[in-house]
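One structure is given below, encoded as structure tokens.
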Amino acid sequence: MTTHSLLILPGDGIGPEVMTEVRKVIDWFQTNKGIQFDVSEDLVGGAAYDKHGVPLADETMAKAQEVDAVLLGAVGGPAYDNLDFSVKPERGLLRLRKEMDLFANLRPAQCFDALADFSSLKREIVAGLDILIVRELTSGVYFGEPRGIHSDDNNPQNEGGRVGINTQRYTSGEIRRVARAAFELAKKRGNRVCSMEKANVMESGILWREEVQWVHDNEYPEVELSHMYADNGAMQLVRRPNQFDVIVTDNLFGDILSDAAAMLTGSLGMLPSASLGAPMANGRPKAMYEPVHGSAPDIAGQGKANPIACILSFAMALRYSYDLGAEADLLEAAVEKVLADGVRTGDLMGPEGGTPVTTSQMGDKIVEALSAL
Ligand code: NAD
């Protein structure tokens, strides 16, 4: 029987609290569905700094390279704010992303019916929303050279005398690999990809469009592909978000568009994410899953954290790292049922009320719903 390996890195603040609830879900699948998980746990972020003096120990990094999937809670907190930049908790996270070469960042924006009123848009615009933004994560303007702030002394017209430079740079290979990830994902969903860039004003955007089209024509002709300028994409996301299935875009546009799409669905406590790399020997991608939220020091240790973002991140691991799509659907349905029943952590409590629960009770309710479905 296949054993699915998982490295859990709870991290700091509410990270360990929400991870405890994921453990309940894992236990349920082991006991009730006979799925074997080989779960190990280690430190990241401030917790790793406290023990090892670094935010990610080399042994933990090595373990992350070996497992089928990594599930991370959150890192950071006020106790670590004044640390040297090189050992800040976030460096642990960045090291994982860099050394695992996780180039495709997946941010689903899914609107659960029971929470449609939490959206900043009208219910009829967001009801049933289910889109996936695939953002290129390891290249583009955040990494391109040359970069820096220089003096511009020879230019008397420049008041202030300085110039700031960043470079948008993409190779065709970088574009093709993230495009492939998007087409593969679309095949498991609505079979449609919309690619976004600014080919009207940027050469790198022209290359982006041509390479995405090349991957489509040569490898995925059966998937529907469209192209859109990213500024129009931003408008369409708030005008008629339901027109999209999978959106693929570069690092900078993806950063902005995925945050905008996230707010279509309401609370930060609901948002999962995945970062995928190249396929491993078993054909599945290297992968790390994590909720979008941070360590929430303001509510840590009080049983107030919503564990759903982390639980839905595990659902993504079921789907993309373990090829357990039906089990992922079941877990998402359990979350949907609990929300429809009016079960609410504090962040989900709206004017219509509901049954207030703690972090732990929310986990229990989701496990109960798994058994009931
Ligand atoms: P945050 O996401 O931790 O919190 C923002 C707000 O949302 C807070 O009011 C918090 O209570 C609330 N919130 C977040 N997650 C919640 C949940 N699951 N349930 C209920 N409420 C939730 O962002 P922040 O306050 O800007 O940052 C706090 C710390 O987290 C900082 O140290 C920051 O660097 C770090 N951070 C880490 C990550 C990560 O690990 N990926 C991401 C963002 C921020």
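Just follow the structure's listing: the first ligand is 1, and inside any ligand the first atom is 1.
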Out of Cys310, Ser267, Ala296, whose heavy atom is nearest to atom 3 (O) of ligand 1? Ala296

Per-atom filter on ligand 1: closer than 4.0 angstrom to a heavy atom of Ala74 are 40 (O)

for atom 14 (C) of ligand 1, nearest protein heavy atom and its distance come out as His293 CB, 3.7 Å

Quick one: which ligand 1 atoms are inside 4.0 Å of a heavy atom on Ala305? 19 (N)

Of all protein heavy atoms, the one nearest atom 9 (O) of ligand 1 is Asp298 OD2, 2.9 Å

Hey, are Ser172 and Glu174 close enough side-chain-wise for a donor-acceptor pair under 3.5 Å? no

Verify the cluster assignment for Ile308 and Leu132: are they in a single hydrophobic cluster under the rule of side-chain heavy atoms below 4.5 Å apart? yes

Got a protein heavy atom sitting under 4.0 Å from atom 44 (C) of ligand 1? yes

With a 4.0 Å cut-off, would you call Asp130 and Arg189 a salt bridge? yes

Numbered atoms and elements of ligand 1 in range of Leu268, under 4.0 angstrom, heavy atoms: 2 (O), 5 (C), 7 (O)

Test log, rule side-chain contact (heavy atoms from CB on, under 4.5 Å), inputs Ile8 and Ile26: CA-CA 11 Å; Ile8 286 183; Ile26 295 172; 4.2 Å; yes

Provide, to 0.1 Å, the distance between atom 21 (N) of ligand 1 and the closest protein heavy atom, together with that atom's residue and name. Ile299 CD1, 3.6 Å

Measure from atom 25 (O) of ligand 1 to the protein's non-hydrogen atoms and state whether any distance is below 4.0 Å. no

Can you tell which part of Asn306 has a heavy atom less than 4.0 Å from ligand 1: side chain, backbone, both or neither? both

Atoms in ligand 1 with a heavy atom of Glu290 nearer than 4.0 Å: 41 (N)

Which is closest to atom 41 (N) of ligand 1 in terms of heavy atoms, Val75, Leu93, Ile14? Leu93

Before accepting this row, confirm whether a basic side-chain N of the pair Arg95/Asp58 lies closer than 4.0 Å to the acidic partner's carboxylate O. yes

Identify, by atom number and element, the atoms of ligand 1 in contact range of Gly269, meaning under 4.0 Å from any of its heavy atoms. 17 (C), 18 (N)

Subset of ligand 1 atoms that lie under 4.0 Å from at least one heavy atom of Asp347: 20 (C)

Tell me whether Glu219 is salt-bridged to Arg180, with the criterion being a basic N under 4.0 Å from an acidic carboxylate O. yes

So with a 6.0 Å cut-off around NZ of Lys188, is the heavy-atom count from everything else above 12? yes

Is the closest heavy atom of Ala309 to ligand 1 under 4.0 Å? no

Checking the N or O distance criterion of under 3.5 Å, is ligand 1 in contact with Gly77? yes

Tell me whether the rings of Phe29 and Phe314 are parallel (<30°), tilted (30 to 60°) or perpendicular (>60°). tilted

Taking atom 33 (C) of ligand 1 as the reference point, the nearest protein heavy atom with its distance: Glu90 OE2, 4.1 Å

Could you name the option among Ala300, Gly294, Pro307 that has the heavy atom nearest to atom 42 (C) of ligand 1? Gly294

Kindly indicate whether a cation-pi arrangement holds for Arg284 with Tyr320, taking the cut-offs as under 6.0 Å to the six-membered ring centre and within 45° of the axis. no

Grouping I, L, V, M, F, W and Y whenever their side-chain heavy atoms are under 4.5 Å apart, do Leu115 and Leu271 come out in a common cluster? no

Min over Pro297, Gly76, Gly346 of heavy-atom distance to atom 28 (C) of ligand 1 lands on Pro297

At their closest point, which heavy atom of Leu237 faces which heavy atom of Leu264, and how far apart are they? O-CD1, 3.6 Å

For atom 29 (C) of ligand 1, what's the nearest protein heavy atom and its distance? Ser295 OG, 3.2 Å

In terms of the angle between their ring planes, are His4 and Phe37 parallel, tilted or perpendicular, with boundaries placed at 30° and 60°? tilted

